[in-house]
2 protein chains.
Amino acid sequence: MTQKRDTANYGAAEVWVQLSRAHMVVQNKIENALKAAKLPPLAWYDILLELDRLGAGGGRAYEVQARLLLPQYGLSRLLERLEKARYVSRKKSAEDGRGKLIFITAEGKKVRLEMWEIYRAALRSAIDDKLPETGKKPLMALLAQLQ
Amino acid sequence: MTQKRDTANYGAAEVWVQLSRAHMVVQNKIENALKAAKLPPLAWYDILLELDRLGAGGGRAYEVQARLLLPQYGLSRLLERLEKARYVSRKKSAEDGRGKLIFITAEGKKVRLEMWEIYRAALRSAIDDKLPETGKKPLMALLAQLQ
DNA sequence: TCCATATAAATGCAAGTGCATCTATATGGG
DNA sequence: CCCATATAGATGCACTTGCATTTATATGGA
């Protein structure tokens, strides 16, 4: 192929294809590992971690939402499921009657740690085992530019 | 934070977070651009491109499936929708009575090109405008290692 | 030939997602 | 104080996805 390409942005498309595939491959590994361990999906982990970090005071849904880049209704329904599973609890906010305060329960903390064990192992095999140590920083720096 | 971390694989987790965010950001830009142009979602593009490449002879679903990394039922239903939209047609295979041959229609080719115009512009602003030209090759090489 | 097993594709059902809208409360200007 | 507007969060509905299973055909060995 020595001819000049007649279609612009071929390079960007190639980057996007690699980005998509890498993402899918890693995500599948993590989700499959969690599923095999009969643990909740990855999305639950992120919320549980966020709530765990917020501590005993809990937090407002809209704060969590902003940090996790989820749509408003998405978080609302995720919390609904997490509450049904007894991993979080919601109660009316005292200062703002429109809102709720969200808390992680003891059971939620426990399951988050169980998930982390699996998650960590999956990351090790999906990332550490594939990428040389010297590759992580450059990769992160390049990915950060896309945001 | 001068203490040694007590949790292993923190580096891999950071890479994964960046990878997820970069992926989400780019994907949202592309999907939003397509939506704004009242065109079908990105997933349709990939199939249409694949079928377009297969040419007049068409192709079998399981072949396309392997290349696109979709679950079997996912492709089956995607093709169902694409057929309903008149962008592809399916007919019984002559050699293998279990299977179907899949073809892209003229309308399918047309819409794929319309999508490409939008897709290309979105890639330009999401990738070319963010990443220096010298960053693409290294990024692709690093991402390729994760597969 | 017959049957056990494998493969291609479709599908019923439950669960998740996107979009638009709704309810309830807050807030600032007149 | 009242109202228009903004904000927090929930929800009805249509569509999509995941999982398991089904249907139809193929294939290799007894």
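Every chain is numbered from 1, with letters handed out A, B, ... down the list of sequences. Note that the coordinates shown come from a computational prediction; the quantities given were computed from them, not determined experimentally.
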K.L.:
Figure out the CZ/P separation between A/Arg81 and C/dA15, and round it to whole Å.
P.N.:
11 Å

K.L.:
Taking N or O atoms only and anything under 3.5 Å, show me the protein contacts with nucleotides 2-5 of chain C, one pair per line.
P.N.:
none

K.L.:
Taking CG from B/Leu101 and C1' from C/dA9, how many angstroms apart are they, rounded to a whole number?
P.N.:
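One finds 13 Å between C1' of C/dA9 and CG of B/Leu101, rounded.
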
K.L.:
Which of residues 57-76 of chain A sit near DNA chain C, with a heavy atom under 4.0 Å from it?
P.N.:
A/Pro71, A/Tyr73

K.L.:
Please determine whether a side-chain nitrogen of the Lys or Arg among B/Arg67 and B/Glu63 lies less than 4.0 Å from a carboxylate oxygen of the Asp or Glu.
P.N.:
no

K.L.:
Whole Å only: how far is the NZ atom of B/Lys91 from the P atom of C/dA9?
P.N.:
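Value for this atom pair: 15 Å.
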
K.L.:
Does B/Val25 share a hydrophobic cluster with B/Ile127, counting links as ILVMFWY side-chain heavy atoms below 4.5 Å and allowing steps through other members?
P.N.:
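Unlinked, B/Val25 and B/Ile127 end up in two clusters.
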
K.L.:
Kindly give the atom pairs (protein nitrogen or oxygen, nucleotide nitrogen or oxygen) under 3.5 Å for nucleotides 25-27 of chain D.
P.N.:
{"unit_1": "D/dT25", "atom_1": "O3'", "unit_2": "B/Gly97", "atom_2": "N", "d": "3.4"}
{"unit_1": "D/dA26", "atom_1": "OP1", "unit_2": "B/Gly97", "atom_2": "N", "d": "2.9"}

K.L.:
Check B/Val111 against B/Pro40 and note the closest heavy-atom contact, atom names and distance.
P.N.:
CG2-CD, 4.1 Å

K.L.:
Return the residues of residues 19-35 of chain B meeting this criterion: a heavy atom under 4.0 Å from some atom of DNA chain D. Order them by number, or give none.
P.N.:
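Of all residues in residues 19-35 of chain B, none places a heavy atom under 4.0 Å from DNA chain D.
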
K.L.:
Tell me whether A/Leu49 shares a hydrophobic cluster with A/Leu101, the cluster being built from Ile, Leu, Val, Met, Phe, Trp, Tyr side chains joined at under 4.5 Å.
P.N.:
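The answer is no; the residues belong to distinct hydrophobic clusters.
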
K.L.:
Do the non-hydrogen side-chain atoms of B/Ile47 and B/Ile104 ever get within less than 4.5 Å of each other?
P.N.:
no

K.L.:
Kindly indicate whether the side chain of A/Leu142, heavy atoms from C-beta on, has any atom under 4.5 Å from the side chain of A/Gln145.
P.N.:
yes

K.L.:
Which residue, A/Ile102 or A/Arg77, contacts DNA chain D at a nucleotide closer to its 5' end, judged by nearest heavy atom?
P.N.:
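This one resolves to A/Ile102.
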
K.L.:
Expressed in angstrom and rounded to an integer, what is the separation of A/Glu83 atom CD from D/dA10 atom C1'?
P.N.:
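A/Glu83 atom CD is separated from D/dA10 atom C1' by 12 Å.
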
K.L.:
Hydrophobic clustering (ILVMFWY, side-chain heavy atoms < 4.5 Å, transitive) - are A/Leu54 and A/Phe103 grouped together?
P.N.:
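Different clusters.
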
K.L.:
Parallel, tilted or perpendicular, judged at 30° and 60°: which one describes the rings of A/Tyr87 and A/Trp44?
P.N.:
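The arrangement is perpendicular - the two ring planes meet at more than 60°.
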
K.L.:
Quick one: does A/Leu34's side chain get under 4.5 Å of A/Glu31's, heavy atoms only?
P.N.:
yes

K.L.:
Can you tell me how far C1' of D/dA14 sits from NZ of B/Lys84, to the nearest Å?
P.N.:
12 Å

K.L.:
For A/Leu78 and D/dT11, give me the distance from atom CG to atom P, rounded to whole Å.
P.N.:
15 Å

K.L.:
For B/Asp129 and B/Ser125, which heavy atoms make the closest approach, and how far apart are they?
P.N.:
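Shortest heavy-atom contact: OD2-CA, 3.5 Å.
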
K.L.:
Pairs in or reaching into residues 45-69 of chain B: which pass ring pair (Phe, Tyr, Trp, His ring centres under 6.0 Å), with residues at least two apart or in two chains?
P.N.:
B/Tyr45-B/Tyr119

K.L.:
Between B/Arg90 and B/Glu80, is any pair of side-chain heavy atoms under 4.5 Å apart?
P.N.:
yes

K.L.:
Determine, for B/Arg86 against B/Glu83, whether the closest basic-nitrogen to carboxylate-oxygen distance falls under 4.0 angstrom.
P.N.:
no

K.L.:
Just wondering, do B/Gln65 and B/Arg60 contact through their side chains at under 4.5 Å, heavy atoms?
P.N.:
no

K.L.:
Could you pull out the closest heavy-atom pair between A/Ala43 and A/Leu78, with the gap in Å?
P.N.:
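What the structure gives for the nearest pair is CB-CD2, 4.4 Å.
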
K.L.:
Indicate yes or no: at least one non-hydrogen side-chain atom of B/Ile102 is less than 4.5 angstrom from one of B/Val64.
P.N.:
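In short, these two side chains do not touch, never coming nearer than 4.5 Å.
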
K.L.:
Taking DNA chain C as the partner, which of residues 40-48 of chain A come within under 4.0 angstrom of it by heavy atom?
P.N.:
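None - not one residue of the stretch has a heavy atom sitting under 4.0 Å from the strand.
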
K.L.:
In whole angstrom, give the distance that lies between atom CG of B/Leu79 and atom P of C/dA9.
P.N.:
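Between P of C/dA9 and CG of B/Leu79: 9 Å.
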
